[in-house]
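Okay, structure first, notes after.
The basis for the numbers below is simple: all heavy atoms, side chains too, and nothing from hydrogens, waters or symmetry mates. Counting convention: from 1, in listed order, for ligands and their atoms alike. Numbers for residues simply follow the sequence, beginning at 1.
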Amino acid sequence: MPFPTDRPRRLRQRDSIRALVRETSLAPSQFILPLFVTFGQGKKETIRSMPDVFRYSVDMLAPAVEEALSVGIRSVMLFGIPETKDEEATQALNQDGPVPQAVRFLKGRFPELVVMTDVCIDEYTSHGHCGFIKGERIDNDSTLECLARMALVHAEAGADVVAPSDMMDGRVGAIRKLLDSKGWTDTLILSYAVKYASAFYGPFRDAMMSGPQFGDRSSYQMDPANRSEAFREARMDIEEGADILMVKPALPYLDIIRDLKDRFDLPLCAYQVSGEYATLMAAGMQGWIDTDRAFMESLVSIRRAGASMIISYFSVRAARLLAQDR
Ligand code: PBG
């Protein structure tokens, strides 16, 4: 039926009507709050390129998590900053490193909190790469055992979910196999299945002091131009035992989120990464954009594309805005 009988605007007359016909929901329980955990004590350090985001020592974490819980966020993703780095990422396997310590502390204090851990050695290697170096190359297979052992250390500390972000081939299988052989059959694997070699990770490397000391990550992270390859990566990770798939970054890759949603039946996670956060925050601080609205629009777009959960540095503020809306 054509205009003038058909008038889509009828459904947009009032907020209460718009709310009735809204197709996509956002809720605090869909957010995962990333937390940077550093060594030492009494630390809450600012990060130049990430306003309102901090590096915490374990003893300083509780207020941040309490704040998140109070607005309805129920999951966190931990990233560790070790005291020392070396070629072999020795500290990645330290049971008393910042991440295992934080996991034990958080699970003890907030048993219902879903605690996820990033499994990757780039923050632990002196060269800053996500795999071991052999000659001039980033070596795949020798890295797998380390990743699996790192995931086991996190599981033993009590992590509910381990999330490999390294993009080595075969790591999901290696992790699942080791976890299962040690009885950790209920520990979930959230695989960064589709992770692109992105400029949008810039501020994160600033936060973690973890950029590669030579070369870049293009020999293991995906080419932003590729789409079919995402299916292949996702399929492999599913076959190897992933429970949840991730696409990262989020906003520049909404098409990929939708592709995976249509093609696979695993729950999908999207990571609104540090550069997505920093650009919106920076534009807002200049007065060039309405930060809150821009974030809420981005987050609902990511959900609309097909993600059931979103990792975002804006989680707490977004949850607050949602509460105000009611
Ligand atoms: C690797 C890792 C990175 C991010 C999450 N895990 C950095 C990278 O691959 O270079 C980026 C997250 C962000 O930018 O917010 N351990």
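Residues in residues 210-221 take part in these salt bridge (Lys or Arg N to Asp or Glu O under 4.0 Å) pairs, two or more places apart or across chains: D122-R217.
Note that NE2 of H129 is 7.5 Å distant from OG of S219, once rounded to the nearest 0.5 Å. Going from atom CD of E88 over to atom OG1 of T125 covers 10.0 Å, rounded to the nearest 0.5 Å.
Geometrically, R317 does not engage F295 in a cation-pi contact defined by less than 6.0 Å to the ring centre and at most 45° from the axis. Figure legend: cation-pi geometry between K248 and Y201, with NZ or CZ positioned under 6.0 Å from the six-membered ring centre and within 45° of its axis.
Using a 4.0 Å heavy-atom criterion, the residues that approach ligand 1 are F79, D118, C120, D122, E123, S165, K195, F200, Y201, F204, R205, R217, Q221, K248, Y271, V273, S274, Y313.
Ion pairing between a basic and an acidic side chain is recognised when a charged N comes within 4.0 Å of a carboxylate O; E239 and R235 show no such pairing.
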